[in-house]
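What follows is a set of notes on a single structure, which appears directly below.
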Amino acid sequence: MTERRIHVDVSGMTCANCASTVADAVTALDGVRDADVNFATDGGTVEYDPEVVSLGEIYAAIEDAGYDPVDDDRTMTVTDMSCANCATTIEDAVGDVPGVVSVDANYATDEVSVRYNPAEVDFEAVYDAIEDAGYSPVREDGGEGGEDTEDSRSAADAAREAETRHQRNLTLFGALLSAPLLFFVVETHLLGGGVLPETVFGARFGWVEFLLATPVYAVLGREFLENSYKALVKNRTANMDVLIALGSTTAYVYSVVALLGILPEAGLYFDTAALILVFITLGNYLEARSKSQASDALRKLLEMEADTATVVREDGTEEEIPLSEVEVGDRMKVRPGEKIPTDGVVVEGESAVDESMVTGESVPVSKEPGDEVVGSTVNENGVLVVEATKVGEDTAIQQIVQTVKEAQSRQPEIQNVADRISAYFVPAVILNAVFWAVVWYAFPEALANFIGALPLWGVVVGGPAAVGVFEFSVVVFASAVLIACPCALGLATPAATMVGTSIGAQNGVLFKGGDVLERVRDVDTVVFDKTGTLTTGEMELTDVVVVDDERAAPDGGALAAPEVDESFVLRMAAAAESGSEHPLGRAIVDGARERGVDVGDAEEFENVPGQGVKATVDGREVLVGNRKLLEDAGVDVAPAESEMERLEREGKTAMLVAVDGRVAGVVADADTVKESSARAVADLRERGVDVHVITGDNERTARAVAEQVGVDPENVRAGVLPDEKADAVEDIQADGTQAMMVGDGVNDAPALATAYVGVAIGSGTDVAIEAADVTLMRDDPYDVVKAIRVSEGTLSKIKQNLFWALGYNTAMIPLASLGLLQPVLAAAAMAVSSVSVLTNSLLFRRYSPDEDYRLFGR
């Protein structure tokens with residue numbers, strides 16, 4: 001057993017039993033020999049066999065036990081990955097570093113994301129592991145905790161630009177020397193020879209070709225040869241570079257041998273060797289440019305950040321300082337046309353703010369004192385004074401960028417299929433090329449007669465009868481290894497995912513991962529929370545009804561006329577609710593004050609979740625809430641039942657008010673349905689999606705709202721307590737339904753986590769909601785439809801890309817194996833396949849989720 005001993009810091013432990021729970025959870029894993037967890041030191045040590053259990057599984061066991069193992073994340077740029085196999089090699093190399101929890105290398109974005117144990121990992125070891133695997137990470141100071149600082153972004157962008165320039169320069173160099181060789185391709189391989197003079201230095205232009213092709217082979221081929229050596233010798237794997245090196249070297253070495261006369265009558269393929277490398281390098285250059293364009297959305301988002309802020313000091317003076325020096329609590333003056341430097345709250349002034357770059361909403365939003373504003377948005381007209389509430393990486397803009405980058409690193413499940421294919425693809429291609437080369441050498445006439453395509457060979461390549469059996473076998477081998485392109489397969493999913501997540505971010509829809517992007521498309525049921533999701537959540541007091549005192553106190557008890565009137569009922573209810581933060585309670589308090597009622601203080605306040613409140617007001621016991629609250633307290637609710645039913649039929653939330661054990665009256669709040677709710681429900685139902693409503697409100701009110709927005713009454717679940725919503729979602733999914741739960745991300749967190757897809761509907765600044773898979777930056781339920789459309793469009797692009805990548809290989813590999821392709825044409829087609837996949841993905845950038853999803857099909 002190869003043991004590894006590692007220290008893990010754990011937060012959230014409050015006693016020795018917690019430490020014991022963590023230790024038990026870890027030791028239950030196969031491969032863990034011992035776990036010693038100490039509550040006093042907030043951590044412990046684990047001895048385990050890394051060949052049996054991973055550190056990631058150990059961390060997951062601790063998290064499943066309800067505690068938080070301390071970790072950190074860092075993302076670095078690696079620009080010299082050439083295919084998905086390179087990404088897999090890096091993941092394996094970094095994953096072997098002690099203390100690394102997980103690693104995800106993304107070939108499409110040139111980024112490697114590492115989650116690690118900061119108590120064990122010196123990040124230099126991660127850089128070294130990547131370099132030892134043969135790749136070149138951009139060493140950058142990611143800031144404390146690996147945060148995405150301006151310096152780190154600049155280093156990554158500089159590395160991408162340098163790689164793009166490098167590939168461009170190589171392409172120009174190779175093209176300049178290879179241009180004359182095009183004459184030889186046409187004359188020799190297409191016209192059959194005899195057009196140009198026969199001899200120059202004893203061979204028909206042979207030495208001229210040699211002098212032109214050798215620098216191209218040496219300069220452009222060097223990287224492919226070096227990378228192939230690293231892949232085969234150091235990493236014991238095969239990637240795209242191996243195929244290119246094999247094809248170009250075969251053509252070059254065969255030509256040198258023929259030029260030296262070792263193989264009499266052998267043809268020359270210097271032109272082929274050089275043009276192979278030029279076409280592939282050109283493809284790499286276009287690919288590098290396309291990758292840069294695909295990440296433009298994030299780069300432009302970051303460029304929208306303000307550089308400076310005008311801070312108002314306590315003495316009233318103003319000072320312009322760099323954005324990095326702004327601290328929480330600083331007050332900033334923002335003039336018309338200026339960007340709001342960072343997230344904050346308006347303390348002075350009124351204006352309209354353009355928030356389109358964050359939420360996708362084109363209409364400016366009115367702001368006044370007390371309203372939240374988002375950093376990098378633009379103040380349209382009036383002067384605002386904003387107090388900073390979030391700075392640095394905590395701002396909405398930084399969280400959006402981080403969320404999108406994480407989404408791009410988490411690939412859809414469909415990518416796993418492509419990765420598994422890629423892992424075996426290159427060895428299979430090489431074996432296939434060797435097999436057909438041997439078959440053509442051994443049975444040239446029989447195979448030629450069987451296929452019956454010799455006339456076509458004479459035009460495209462020249463069959464074995466034209467160039468000789470051995471030479472034809474070499475041509476088949478070179479073509480067969482060059483035509484296969486694992487990079488197109490590796491780019492198909494991440495390129496489309498990268499664009500799709502960026503489109504979502506531009507429209508205020510944040511997907512937590514590419515896997516989430518894939519799942520959203522498969523949703524067949526959407527479950528909306530009512531308050532704050534379908535409705536505005538801004539409750540207003542609408543009714544105060546006195547229950548007839550003769551019914552309330554027929555024996556002339558505690559509540560006798562003329563004491564009970566509207567003012568009394570409202571005063572008791574408002575005082576009891578004065579300690580509540582619930583929207584219903586706040587509406588009662590605000591409504592009482594607007595009506596001139598003196599709201600007193602409550603004593604012995606108790607909040608009963610999902611039912612209401614209990615309190616003592618002026619020495620009297622007051623209950624404000626639903627029927628269950630009063631019934632559990634032994635209060636007869638029958639005298640108020642008719643008024644309750646009337647108000648609930650009107651779509652209002654009615655609450656009983658009991659004083660000293662008897663019903664005194666009923667107060668009602670109303671919540672306005674959002675304008676887009678009905679449209680969202682209609683579009684979802686037209687798509688064939690079932691729509692449900694779950695709410696803690698009463699049955700009549702819930703059904704009234706459901707009727708307004710178009711939800712079937714049988715799909716309404718009312719009176720559901722917050723801790724019961726997850727059970728309700730489970731019930732809906734019990735028959736295999738794949739449900740999307742849409743809620744506010746706080747009270748609905750358990751339900752969001754239970755659903756197939758959890759969607760938190762936010763407010764622009766609240767973008768880091770852990771329980772949700774998708775965060776909507778606006779309080780707009782129609783953005784649920786947009787999320788589904790972005791998902792459908794992205795998955796459609798992924799399938800198109802995979803179709804072309806797999807279809808290309810399926811069609812071209814047999815052609816090359818049968819001798820129907822010149823190696824240089826195979827190389828050109830190989831380069832075109834990768835570029836076409838990226839181009840197809842970049843075309844998706846034009847898509848707007850406001851368009852109908854049927855444009856992309858299902």
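These numbers come from the heavy atoms of this one structure, side chains and all, not from hydrogens, waters or symmetry mates. Here the structure is a predicted model, which means the values were calculated and not measured.
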Does the ring of Y116 carry R74 above it, NZ/CZ under 6.0 angstrom from centre and within 45° of its axis? no
One thing to verify: whether K725 and D529 come together as a salt bridge, which I'm taking to mean a side-chain N less than 4.0 angstrom from a carboxylate O. yes
Could you measure the distance from the CG atom of D71 to the CZ atom of R115? Nearest 0.5 Å is fine. 4.0 Å
Report the distance from atom CG of D34 to atom OG1 of T27, rounding to the nearest 0.5 Å. 8.0 Å
Step through the shown structure and confirm whether more than 12 heavy atoms of other residues, nucleotides or ligands are within 6.0 Å of NZ on K230. yes
Is the shortest distance from a Lys or Arg side-chain nitrogen in E3 or R33 to a carboxylate oxygen in the other one below 4.0 Å? yes
D36 versus T45, side-chain donor and acceptor atoms under 3.5 Å: no
Return the minimal non-hydrogen interatomic distance between A739 and V527, and the atom names on each side. CB-CG2, 4.3 Å
Do you know which two heavy atoms are closest between Y48 and V53, and how far apart they sit? CD1-O, 3.5 Å
Using 0.5 Å steps for rounding, measure from the OH atom of Y127 to the CE atom of M76. 5.5 Å
Side chains of H692 and D690: donor-acceptor distance under 3.5 Å anywhere? no
Check ion pair R778-D783 (N to O, under 4.0 angstrom): yes
Do D128 and I130 have side chains that get closer than 4.5 Å, going by heavy atoms? no
Rounded distance [0.5 Å steps], CD1 in I694 versus CG in D727: 10.0 Å
For I62 and P69, which heavy atoms make the closest approach, and how far apart are they? CG2-CD, 3.7 Å
Using a strict threshold of under 4.0 Å (side-chain N to carboxylate O), is an ion pair present between E792 and R521? no
